Amino acid sequence: MLDLNFIRNNAETVKKAILNKRENGRVDELLEVDSRKRSLLFECEQKRNRLNKTSKEISGLKKSKQDASELISDMKVLSQEIKEFEQKLRNVDHELNDIVIRIPNIPAEDVPVGLDESANLEIKKWGDRKEFNFTPKPHWEVGSTLDILDFDRGSKISGAGFVLYKGFGARLERALYNFMLDLHTTEHGYREIFPPYLVNRQSMFGTGQIPKLEDDMYQTREEDMFLIPTGEVPVTNIHRDEILSIDHLPICYTAFTACFRREAGAHGKDTRGMTRVHQFNKVELVKFTHPDTSYNELEALLINAEKVLQLLGLEYRILKLCTGDLSFASTKCYDIEVWAPGTKSYLEVSSCSNFEDFQARRSNIRFRDKDKKVKFVHTLNGSGLALPRTMIALLETYQLEDGTVAIPEVLQKYMGGVQKIEI
RNA sequence: GGAGAGGUGGCUGAGCGGCUUAAAGCGGUGGGUUGCUAACCCAUUGUCUCGUUUUAGGCGGGACCCCGGGUUCGAAUCCCGGCCUCUCCGCCA
């Protein structure tokens, strides 16, 4: 969420940001409620001041055994008044809060303004388009032929949008995330985390999934808990309500987690194969940084994520998202899209975002700066990478004419030396 | 799931209706002493927020002792509800 004081002083900037992001936000109403709240607060505090002072007087009178009954009956009235004010104040505060938490973060200066994905800026292409002397098949065909992906049984067990990995399919999945984790921990300096998959409401609020995306998540009935849609949620919340030492910044974590998404608004989209599924694995990168360095750290994070595809030898491009495609909480975001030759499309495998202090303010994650002041950290995250789409690109890129799939060299040691998946 | 104990500042820990503006210790910061370190001595030490003034920062008020309600002139302290932690029992991978 944004700083209320910032919104007061920069209402037009905020309105413009909302417009550019194609979000909703009631800024004028916010300002009105805010000023109503402050005048209530002022009045309430004055009454409270009088009450506090008089209570001390009563205490003194009682000690010297003097009569205080008049003051006490006065205070009885005042106390009741204060209760009424506090109730009003609580209501106004809720009203205010309800508006402010729904106002999106402001795009960074260098983010292109645009309505939708067509305005995204392609800023990099890596790798050569692989030549096939046959027509490359989509991954669902490759996977079914090799009996390493089983879509029918996945939906029998759980429903549409669930995949069963079998044999070397399961092994390849394991190889991929072990490879990614090893790379990020040993080469890129991230600390490995294995978090809970089920989190409470406050954690979901902290990273911004609640209230906007509440319906996209799986929720438990009895406990008011949510299955995480991304590792970002538990990992960012590690430091919720903490004051970090500046000496520890930046803190860099990587985590392998399953992710669960209802995809409620995406029925009929990408139904074939495993481009869009309800449960998938992902290796996440999360950073907590000093405000001065967050944009540099974003570039570094992007490079760390790219490295995975480079080592796997998969062609990809990088998009700088325009304002209209930017998520609610982010100020700037790069998407990495891997090329899938079988389905002939670019698939998003990572979104690397800076949230500045938006999540930190919601989750109350702070640090003590050199000037001894307590400030909010900046939080960042990106996938490094999402597994199913990486696997899609891998199967489709490394498929051979005879239906087998070659294993890239970096993965072979994770596959027990297997160089090729055969029938 | 049952029974009990408990949640207090960066940490340990006292307080259990007004003498708390939260003791004391540790730690941190500044200074002193000292050949250097250690030790010792002195001072200082939270967060949020409102108002006012502003160069920095002051000054005044309010809130905060897990969270939310309540009782009371007055709550860290009493009552109710919730969350979390620990111990024991039961169940279980």
Side-chain angles (χ1 to χ4, degrees), chain A residues 1-9 30-101 194-206 210 219-226 234 237-249 251 258 288 357-358 360-377:
Chain A
M1 94 187 124
L2 294 173
D3 181 14
L4 192 55
N5 202 36
F6 176 87
I7 303 176
R8 269 179 217 140
N9 299 323
L30 179 82
L31 295 176
E32 183 270 315
V33 176
D34 176 53
S35 79
R36 192 144 48 91
K37 179 204 158 170
R38 278 192 291 172
S39 69
L40 263 176
L41 184 66
F42 186 71
E43 208 171 335
C44 190
E45 286 184 350
Q46 278 187 323
K47 286 181 192 291
R48 219 171 225 305
N49 182 230
R50 193 150 70 85
L51 181 77
N52 288 346
K53 279 190 178 140
T54 313
S55 287
K56 271 189 188 126
E57 266 178 60
I58 291 170
S59 171
L61 287 174
K62 286 217 161 173
K63 231 169 281 168
S64 58
K65 305 242 191 286
Q66 286 175 273
D67 177 48
S69 56
E70 196 176 325
L71 283 179
I72 288 178
S73 69
D74 280 358
M75 286 310 100
K76 217 170 213 158
V77 176
L78 183 63
S79 176
Q80 209 47 48
E81 264 179 60
I82 291 175
K83 285 226 166 77
E84 282 163 27
F85 262 86
E86 284 181 334
Q87 188 53 50
K88 275 193 224 164
L89 204 55
R90 262 199 295 277
N91 292 342
V92 174
D93 216 34
H94 280 135
E95 210 180 318
L96 187 68
N97 198 251
D98 194 60
I99 301 174
V100 78
I101 62 169
F194 188 76
Y197 290 179
L198 216 45
V199 303
N200 56 33
R201 181 170 285 274
Q202 220 182 333
S203 291
M204 282 300 182
F205 175 80
I210 284 179
Q219 189 172 5
T220 64
R221 182 179 293 278
E222 314 298 337
E223 325 285 345
D224 195 29
M225 295 185 93
F226 300 83
N237 275 281
I238 288 174
H239 295 299
R240 169 151 53 83
D241 292 319
E242 290 183 18
I243 297 177
L244 305 169
S245 163
I246 190 171
D247 305 328
H248 296 149
L249 300 181
I251 296 173
F288 303 81
D357 62 5
F358 192 86
R361 186 169 284 109
R362 284 181 162 239
S363 343
N364 198 28
I365 307 171
R366 298 173 296 172
F367 74 103
R368 196 174 296 278
D369 208 347
K370 288 205 179 67
D371 60 11
K372 301 247 192 291
K373 283 192 179 140
V374 176
K375 298 174 185 170
F376 290 107
V377 298

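Letters go in sequence order (proteins before strands), and every chain restarts at 1. If you're wondering where the values come from, they're calculated on a predicted model, not measured in any experiment. Atom set for the values below is all heavy atoms of this structure, side chains included, hydrogens, waters and symmetry mates excluded.
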Between C1' on B:G60 and CG on A:L41, what's the gap in Å once rounded to a whole number? 15 Å
Between A:S59 and A:K53, whichever has its closest RNA chain B nucleotide further toward 5' is A:S59
Phosphate contact (B:U72 OP1 or OP2) by A:S79 side-chain N/O below 4.0 Å: no
If you check the A:S55 side chain, which of B:G61, B:G18, B:C50 turns out closest? B:G18
When you match A:R366 and A:T54 each to their closest nucleotide on RNA chain B, which lands nearer the 5' end? A:R366
To the nearest angstrom, how far is A:F376 atom CZ from B:U47 atom P? 13 Å
Any A:R8 side-chain N or O less than 4.0 Å from OP1/OP2 of B:C50: yes
Under the salt bridge (charged side-chain N to carboxylate O under 4.0 Å, His left out) test against A:E95, which residue among A:R36, A:K88, A:K37 passes? A:R36
Rounded to whole angstroms, how far apart are CZ on A:R48 and P on B:G51? 18 Å
Phosphate OP1/OP2 of B:G74: any A:N52 side-chain N/O under 4.0 Å: no
Do you see a donor-acceptor pair shorter than 3.5 Å between the side chains of A:N200 and A:S203? yes
OP1 or OP2 of B:G61 less than 4.0 angstrom from a side-chain nitrogen or oxygen of A:R50, does that happen here? no
Would you mind telling me which of B:G70, B:C73, B:G51 lies closest to the side-chain atoms of A:F42? B:G51
Counting only side-chain N and O atoms of A:N49, is one of them less than 4.0 Å from OP1 or OP2 of B:G62? yes
Indicate whether OP1 or OP2 belonging to B:A63 is found under 4.0 Å from a side-chain N or O atom of A:K47. no
For the pair A:E86 and A:R48, find out whether any cationic side-chain nitrogen is under 4.0 Å from an anionic carboxylate oxygen. yes
Between A:K56 (NZ) and B:G17 (C1'), how many Å, whole number? 15 Å
